[in-house]
Amino acid sequence: MSADETSGADRVTDAADATSADVVPSRRTPFWLELVLAIAFGLFYAYDAWEAVGNLVGLAGVASALGTTLSATGWIVLIVAILLPVALFAVAFLIGRRRSAVVQAALYVTGLAVSAVLYLDLLLMFGPGALLA
């Protein structure tokens with residue numbers, strides 16, 4: 001091998017080492033902070049789900065007081081309203097793992113906003129009258 005071929009191979013190896021050394025390692029959030037964020041925002045999601053359970057029980061009570069029942073659409077909308085915050089919390093938690101605390105908090109807040117918007121859209125689209133049979 002000539003000196004030019006060896007130095008070229010060394011340059012490629014050195015360039016690969018330099019690029020891997022230049023990559024900044026991602027800052028991982030400490031486990032205790034991930035846990036605190038998950039619990040704190042989880043309480044908001046739990047409240048959202050509990051509120052949806054209250055709406056289901058309340059509308060079922062109103063329907064029985066009026067001598068009617070909830071329609072199939074009503075059951076579906078109210079059950080989706082219960083499951084939606086739980087699913088959005090799970091998605092935000094899974095996407096936020098191994099990310100910084102700020103990104104995790106932003107994902108949790110975004111999930112809460114999406115949950116509120118979708119629930120309001122469902123109620124406006126169907127209305128309370130459409131939920132009763």
Side-chain angles (χ1 to χ4, degrees):
M1 250 193 202
S2 69
D4 292 332
E5 292 174 10
T6 305
S7 64
D10 288 340
R11 276 186 262 148
V12 171
T13 306
D14 291 340
D17 290 340
T19 56
S20 64
D22 292 339
V23 175
V24 177
S26 63
R27 290 188 163 186
R28 187 159 192 266
T29 305
F31 176 73
W32 66 268
L33 186 55
E34 285 183 11
L35 189 63
V36 167
L37 285 172
I39 290 172
F41 282 101
L43 291 173
F44 289 112
Y45 282 94
Y47 177 78
D48 210 8
W50 184 252
E51 187 178 37
V53 169
N55 290 338
L56 174 67
V57 171
L59 278 175
V62 167
S64 70
L66 293 174
T68 187
T69 61
L70 289 175
S71 66
T73 304
W75 281 106
I76 291 170
V77 166
L78 293 170
I79 289 173
V80 165
I82 293 170
L83 297 177
L84 188 65
V86 176
L88 287 171
F89 176 77
V91 168
F93 178 78
L94 290 175
I95 292 174
R97 288 184 318 164
R98 296 183 180 90
R99 301 198 192 268
S100 70
V102 174
V103 173
Q104 287 179 356
L107 286 168
Y108 287 132
V109 169
T110 302
L112 283 170
V114 168
S115 174
V117 166
L118 289 177
Y119 184 66
L120 287 174
D121 283 347
L122 284 173
L123 284 181
L124 287 175
M125 190 166 40
F126 294 107
L131 301 179
L132 300 175

*Asks:* Would you mind listing every side chain to side chain donor-acceptor pair (under 3.5 Å) that reaches into residues 118-127, with sequence neighbours excluded?
*Replies:* N55-Y119
*Asks:* Check L88, L84, V109 against V114 for a side chain to side chain contact (heavy atoms under 4.5 Å, CB included) and give me the one that passes.
*Replies:* L88
*Asks:* Would you name the heavy atoms of R99 and Q104 that are closest together and state the gap between them?
*Replies:* O-NE2, 3.5 Å
*Asks:* S115 side chain to G111 main-chain N or O, any donor-acceptor pair under 3.5 Å?
*Replies:* no
*Asks:* Can you list everything that forms a ring pair (Phe, Tyr, Trp, His ring centres under 6.0 Å) with F41? Sequence neighbours excluded, please.
*Replies:* Y108
*Asks:* Carefully, step by step, assess I82 and L78 under the rule side-chain contact (heavy atoms from CB on, under 4.5 Å).
*Replies:* CA-CA 6 Å; I82 293 170; L78 293 170; 5.7 Å; no
*Asks:* With hydrophobic residues grouped by side-chain heavy-atom distances under 4.5 Å, do V91 and V86 end up in a single group?
*Replies:* no
*Asks:* Kindly indicate whether the side chain of L118, heavy atoms from C-beta on, has any atom under 4.5 Å from the side chain of V80.
*Replies:* no
*Asks:* Looking at every heavy atom in both G61 and S64, which two are closest together, and how far apart are they?
*Replies:* O-OG, 3.0 Å
*Asks:* Which residue, F93, F89, W50, forms the ring pair (Phe, Tyr, Trp, His ring centres under 6.0 Å) with Y45?
*Replies:* F89
*Asks:* Do W75 and L83 sit in the same hydrophobic cluster, where Ile, Leu, Val, Met, Phe, Trp and Tyr count as joined when their side-chain heavy atoms come under 4.5 Å apart?
*Replies:* yes
*Asks:* What closest approach, in Å, do A63 and L70 show between heavy atoms, and which atom pair accounts for it?
*Replies:* CB-N, 4.2 Å
*Asks:* Consider only side-chain heavy atoms of I, L, V, M, F, W and Y, link residues closer than 4.5 Å, and tell whether Y47 and F44 are in one cluster.
*Replies:* no
*Asks:* Would a hydrophobic clustering, with Ile, Leu, Val, Met, Phe, Trp and Tyr connected at side-chain separations under 4.5 Å, put L124 with L122?
*Replies:* no
*Asks:* Please check if I95 and L37 belong to a single hydrophobic cluster, counting links between Ile, Leu, Val, Met, Phe, Trp and Tyr side chain heavy atoms closer than 4.5 Å.
*Replies:* no
*Asks:* To the nearest 0.5 Å, what is the distance between CG (L59) and CG (L66)?
*Replies:* 10.0 Å
